[in-house]
Amino acid sequence: MALSVDSSWHRWQWRIRDGLLQAPSEATPLLSPEKGRQSHNLTQQRVVFPNNSLFHHNWAKVSGRYSSNRICTTKYTLFTFLPQNLLEQFHRWANLYFLFLVILNWMPAMEVFHREITMLPLVVVLSIIMVKDGMEDFKKHRFDREINCSNIQIYERKAQSYVQKRWKDVRVGDFVQMQCNEIIPADILLLFSSDPSGICHLETANLDGETNLKQRRVVKGFSQQEVQFEPEHFHNTIVCEKPNNHLNKFKGYMEHPDQTRTGFGSESLLLRGCTIRNTEVAVGIVIYAGHETKAMLNNSGPRYKRSKIERRMNVDVFFCIGLLFLMCLVGAVGHSLWNRTFSEHPPFDVPDAKGGFLPLALGGFYMFLTMIILLQVLIPISLYVSIELVKLGQVFFLHNDLDLYDEETDLSIQCRALNITEDLGQIQYIFSDKTGTLTENKMVFRRCTIMGYEYSHQENAKRLETPKELDSDSEEWTQYQCLSFPARWAQNPAAARNQGGAQPLRRCQSARVPMQGHSRQRSLGRWENAQSPVAFSSSLEKDVTPDKNLLTKVQDAALWLEALPGSRPAKPSLSTTAAIADFFLALTICNSVMVSTTTEPRQRVTMPPSTKALGTSLEKIQQLFQKLKLSSLSQSFSSTVPSDTDLGESLGANMPTTDSEERDDVSVCSGDYSTDGGYRSSTWDQGDILASGSDVSLEEVLEAPALDLASPELCYEAESPDEAALVHAARAYSFTLVSRTPEQVTVRLPQGTCLTFDVLCTLGFDSVRKRMSVVVRHPLTREIVIYTKGADSIIMDLLEDPACVTEIDVEKKVRKIRARTQKHLDLYARDGLRTLCIAKKVVSEEDFQRWASFRREAEASLDNRDELLMETAQHLENQLTLLGATGIEDRLQEGVPDTVAALREAGIQLWVLTGDKQETAVNIAYSCRLLDQTDTVYSINTESQETCDSILSCALEEVKQFYGPRKPDRLPPGAPPPTSGAAIPEVGLVIDGKTLNAIFQGKLEKKFLELTQYCRSVLCCRSTPLQKSMIVKLVRDKLSVMTLSIGDGANDVSMIQAADIGIGISGQEGMQAVMSSDFAISRFRHLKKLLLVHGHWCYSRLARMVVYYFYKNVSYVNLLFWYQFLCGFSGSTMIDYWQMIFFNLFFTSLPPLVFGVLDKDISAETLLALPELYKSGQNSECYNLLTFWVSMVDAFYQSLICFFIPYLTYKDSDIDVFTFGTPINTVSLATILLHQAMEMKTWTIIHGLVLVGSFLMYFVVSLVYNATCVICNSPTNPYWVMEGQLSDPTFYLVCFLTPVAALLPRYFFLSLQGSYGKSLISKAQKIDKLPKDKRDLAIQSWRSRHTPARVPGKAQPTPRPVPPVPEQDLKTSTPKQKCKEDRVPRGERSSRDHMRDDSCSTDSSAKLSSRDHLLLGPSSTMASGANSSGQANVHQRSSRGSHRRSQSSMTI
């Protein structure tokens, strides 16, 4: 593994000359397998030589092969703009179509209009889009220039110092020096930090939006530098992987002159775009520059998606092409037939130069092409531009909706995809993440279990019952918060912070991310720094009220811990006192939390406070307890330290001695312990307890130096909310994290003594291991201890086997502790809590040194580095000793239950795809109304494909008994089956990641989807990001439905990108989901108005506008088509061509735009009150094949009326052709505008002005044009035509009667639809027109009629116990057989009763209804993961109250 590597460029050259390898480039590094041969695979790795005097020659040869740091995000240059933009625009086949028409019109035989006039529409459209693209690209150019010209300090070899240069001058291999607050110009390997610990702090808000600081470490071997880094002394070569877009993955090694290597990873890489914080100076060497940096490789920009309307529109455009072809064919055939009627060539048939005439067939073909030019407007080229403008208007109103603005984060909705706004109104399936999407992602410590004893923290639960009061902005709470600490803490905070003697590093005031830095002040009494700049540090998260029972044991454990001898290690035992001490030490130490101060500018704590000031001797503690007259406690503080056994016995006297389950469950309650609801430090807690039964005042206790605690000015900056919650919980019990460096971590105990642990190794958390471990040296026992925390499903499998214990009593106790802990974990999961197990392990010095050498080799390896690191971690993290577990509550976001209920009423199927435990997800589903207490819930957990197939078939068979054999199409909630008139329960489905693997690998997708269509909700638990995206694609493609995915974390990105619409929530997990989304919101509740209101409006407006555009163009073009029957199909027109251009460009362009942006068919209040109205968009009622062809028929009819009424009026008169065409043009315009007015559902001043203005503009432009243009369109002459018509009474009569006759059928149809229409939209429009009080009554009546039927309560029998089923019988029965055996009549099955959670009971036996049944596979047993639906564990419910569920639950 430890191969030596060549460091000279000349050795690379001979390998290249010999043809062994090509020039250096990058890919995943692979080392040569030959140990004797020292080489790199240059085609698959990057070699970086430093730019100093020693390596300058090599650097000059290599750096030119890599990208410079100059970035260019523009699409065009000055020379390529015109041809490239035209090429892109002509990718639209509509533009190519009109270009083809322009070319046709330039041919003399087919010229219909003047050549220049024919080009005008195409040139205008192309120019508008070209100007828009040019302006956008110029903005990018200015931004690029600003970034490229930013200044940075770069090491200059000749000057032997750092000089100021521009970003674009940075090259790979350059040494860069950065100051605090500077933005990193490239991807840089950290070689020096002014922090004595070799730490550099980054703010990555520009990359992922996370506000908490990240730590980066100097490469090993460089962290102990006392003076400034000297680039000339750097004699190493760097080998690393090819540039890639993985922000959190990086590996490489540094080769020293002695051929040894030092490995490094992403923990030493400073990414471009991040900001230096809390570090005065940082120096590094550039690894990737410019477009090869990870940030630039991730910058893909907004994605282009085609909306459903656009796809539908393209189909209808092809229908219009077919219609155009048919009309042109009629013209060509008609022209040939017309010419055949002449016995000799007519006088208007002009011969060619040789006196010949065209054959009839060729003449008909030319006429076909001429008719294409004449009827070209049938294809609406302006529709594309109008749609873009309408969507911009819709996005503007979306951005300015105050209901979608979140005051807490100062964020409004972001629209990152401008072309799919209308798809928001057609969603049929929503796929949602749970953590951070349905929940707050504010982790609150709720309860814990230690050594099998559960501490429920009831007082903390009471505090959390009113979270709004805790997070309120009232002046009273602000003042109370300020006064809730002892006044002496604020006397001299600066002195307290600087006690360690080290100069603290300052975090600059601009450290907060801009989006949170501009939060609005919401009340006058709010202090300036009310919005905490520290992530995961709200009062709800950090204020934990201790449990009374546990608090006394913690104090005893802390005293026992301090009394440990420093000369000999403690004997391993199962003492509860020792376990409690280790448990809270693990909570405090096993994390990556950074300690700093809350003052601005923030100061980091790197040195522990002096133990002399805060520590105390045991004698002083004894004197204090004597003063308080607590003789019962002071016995354990004798100056003579007792032995381990004596101490354990004396402390164990207070522990429960009973082994019964009942005592274990009942003893956790501490209901009489009062709290003020705020943060209770251990000073107050000890004061409450120690002063009870004493007449000593609390002030005297607080004055005691032994109880003087850490300054509350300390704050914790964590990388995840879980870590912050555990550290805050430990601090509530006075195990306070006071400082952290890469080498040491200091913890203050409740009595004030500080313990400094040497950190030997940290194994960070990753999604594969699902755990984190910290290896420390205990300062008292000098043992090497491994503290591990992680998912219970992982940690429980890594515990030491009780069978290996030699003592039988100890083995029994270990098994009992493990069983109790597992029971408590199941209890937490059913309460919807996130669970973590805490464990430890003590290793010998020899074993650790052996392991550390393997770890170093793995870190220095480039081949399979991740696998080797994983293997070394697994070698260490085994044979663990269980300490306990924690339950952390992730609270539901405000408004989630109402939003979920409204979306379900709207006909939207909501699936939850989460990586959490099944029990936790199910409980959250009940809390947010995703599942109901009366639902039949199927839980499927199996790894076998055959078993999964059988189970799905069995479940389908049972469900079809309720709903019938027909395939449901989003069955209405509570709808009775065709075969029964009784109400039936709805169905929910819960599956896990292993079952999903069986479904995908066993080709069971069709059967799975068929079952899900009968379910009201589906929960996929323990699912990976890849599985999430596969589920979304499966539903989207197989069911052909519109899908929406919503999430807030990086693990949701693939799911967001797979859906038709991706929505990111800008929450606690950063901005990676937002950057990959089409829309970004800050709260899940905003989804309700976004879909039900804005989605409906955007779809309704755009769909009806598109239909209107097709109608308008067909109606107008048909006027020219009817005229061909009267002009011998000659291709001539009766309307001046300029008038035709103005007709589409000015006279009828604005009304559709206003209609598409401002029209509201139903008010927002009604849409929110009646979610069922959303179904009109799902069913595409506004724009479908029927509405399109109805509009086409209407357009043909109206064009017939608008042409033939003027024709019959002026028949046999001597008027000229333009005098005949002007009334036709006028009545057509009036008809089209009035048609638009009839379609408008909302009338404002803007609507009226636009319609009237368009009509008046027609007359003004026509009068001016006819009066001034004499020879504009030679040889035709429209001079004074309009003026003559306005003086003719016949013209007014025609203009009045013709639109009435043309619009009468549509008016009649709309009247019938409004009076007798049965659609939901028609009914809602009637309700909308009522006065407010009557409208509210009508809405209430509507909702009462449309409320889905529920399973009658009287049909639900009380549960009664049944004899337990022998386990062997369950194992031998196949799913099919078991299902048939348990089949019951339909009416009885619909009322099966689930087990009830009884909060007052004291046993945890399983209670199954006589009609409940279990479906298990051939080798399945009751797993603990399924206990929530097949077994009732009775316990005290959480603060949200207990769910008395009476649903049928089938656990599979």
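Fair warning: this is a prediction, and the values are worked out from it, not measured in the lab.
Of the inter-residue distances, the one linking R731 atom CZ with F445 atom CZ reads 15.5 Å to the nearest 0.5 angstrom. Distance check, rounded to the nearest 0.5 Å: CG of D801 to CG of N878 gives 12.5 Å. Of the inter-residue distances, the one linking I795 atom CD1 with T788 atom OG1 reads 6.0 Å to the nearest 0.5 angstrom. Between L270 atom CG and I287 atom CD1 the span is 10.5 Å, to the nearest 0.5 Å. Atom CD in E454 sits 7.5 Å away from atom SG in C448 (nearest 0.5 Å). The CZ atom of R777 sits 4.5 Å away from atom CD1 of I784, with the distance rounded to the nearest 0.5 Å.
Sorted by first then second residue, the ring-ring contact (aromatic ring centres under 6.0 Å, His included) pairs that include residues 781-805, not counting sequence neighbours, number zero. Identified under the ring-ring contact (aromatic ring centres under 6.0 Å, His included) test for residues 858-884, with sequence neighbours left out: none.
With contacts defined as side-chain heavy-atom distances shorter than 4.5 Å, the pair Q822/R818 does not qualify. In this structure the side chain of P257 reaches within 4.5 angstrom of the side chain of N236, judged on heavy atoms. W851 has its side chain within reach of C761: a pair of non-hydrogen atoms, C-beta onward, lies under 4.5 Å apart. Residues L189 and M254 have side chains in contact (heavy-atom distance under 4.5 Å, counting atoms from C-beta outward). Counting heavy atoms from C-beta outward, R740 and T746 have side chains that stay 4.5 Å or more apart. Inter-residue side-chain proximity for C200 and D195 is flagged as unmet; no heavy-atom pair is nearer than 4.5 Å. Side-chain contact check for L269 versus I188: every heavy-atom pair is 4.5 Å or farther apart. Inter-residue side-chain proximity for V775 and L876 is flagged as met; some heavy-atom pair is nearer than 4.5 Å.
Looking at S193, its side chain does come within 3.5 Å of a backbone N or O of I199 through a donor-acceptor pair. A donor-acceptor pair under 3.5 Å is formed between the side chain of S194 and the backbone N or O of V281. The backbone N or O of L190 sits nowhere less than 3.5 Å from a side-chain atom of S268 that would complete a donor-acceptor pair. Put simply, the side chain of T279 gets close to the backbone of H201: a donor and an acceptor are under 3.5 Å apart.
Here the rule is side chain to side chain contact (heavy atoms under 4.5 Å, CB included) with V774, and of T762, V745, L760 only T762 fits it. Evaluated for a side chain to side chain contact (heavy atoms under 4.5 Å, CB included) with Y455, the options I450, L551, T449 yield exactly one hit, I450.
Between E800 and K841 there is no salt bridge, since no side-chain nitrogen of the basic residue lies less than 4.0 Å from a carboxylate oxygen of the acidic one. The pair E241-R46 does not count as a salt bridge, with every side-chain nitrogen at least 4.0 angstrom from each carboxylate oxygen. With respect to the salt-bridge test (charged N to carboxylate O, under 4.0 angstrom), the residues K220 and E859 qualify. Contact check on D187 versus K294 returns no salt bridge, with no Lys/Arg side-chain nitrogen under 4.0 Å from an Asp/Glu carboxylate oxygen. Salt bridge absent: R850 and E846 never bring a charged side-chain N and a carboxylate O closer than 4.0 Å.
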Practice prompt. List the steps, then state whether side chain to side chain contact (heavy atoms under 4.5 Å, CB included) holds for Q45 with C240.
Written response: CA-CA 6 Å; Q45 60 194 13; C240 60; over 6 Å; no
Worksheet entry | side chain to side chain contact (heavy atoms under 4.5 Å, CB included) assessment of T237 paired with V47 | CA-CA 7 Å; T237 305; V47 181; 3.7 Å; yes
Worksheet item: Can you check side chain to side chain contact (heavy atoms under 4.5 Å, CB included) on T886 and T835, steps first, answer last?
Response: CA-CA 6 Å; T886 60; T835 56; over 6 Å; no
Worksheet item: Passes side chain to side chain contact (heavy atoms under 4.5 Å, CB included), V814 versus L799? Steps please.
Response: CA-CA 10 Å; V814 169; L799 298 179; over 6 Å; no
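Scanning for side chain to side chain contact (heavy atoms under 4.5 Å, CB included) contacts around A791 gives K770, S793, I794, with sequence neighbours left out.
Counting only N and O atoms by type, the side chains of T577 and D556 include no donor and acceptor under 3.5 Å apart. Judged by distance alone, the side chains of R855 and T872 do bring a donor and an acceptor atom under 3.5 Å apart. Looking at S773 and E877, their side chains do bring a donor and an acceptor atom within 3.5 Å of each other. Checked by atom type, the side-chain pair T260/D258 shows a donor-acceptor distance below 3.5 Å. For the residue pair S592 / Q215, no side-chain donor-acceptor distance below 3.5 Å is found, with atom types taken as modelled.
Nearest heavy atom pair, residue A557 against residue I580, reads CB-CG2, 3.9 Å. Closest heavy-atom contact between L883 and F583: CD1-N, 3.9 Å. Residues F264 and V239 come closest through the heavy atom pair CZ-O, 4.2 Å. In plain terms, the two heavy atoms of S861 and L868 that are nearest each other are OG-CD1, 3.7 Å. Across all their heavy atoms, C754 and R748 have their closest contact at SG-NE, 3.9 Å. Of all non-hydrogen atoms in L825 and C837, the two that sit nearest each other are CD1-SG, 3.7 Å.
Geometric assessment of R820 against the ring of Y453 yields a positive cation-pi assignment under the 6.0 Å and 45° thresholds.
Ring geometry for F735 versus F584: interplanar angle under 30°, hence parallel rather than tilted (30 to 60°).
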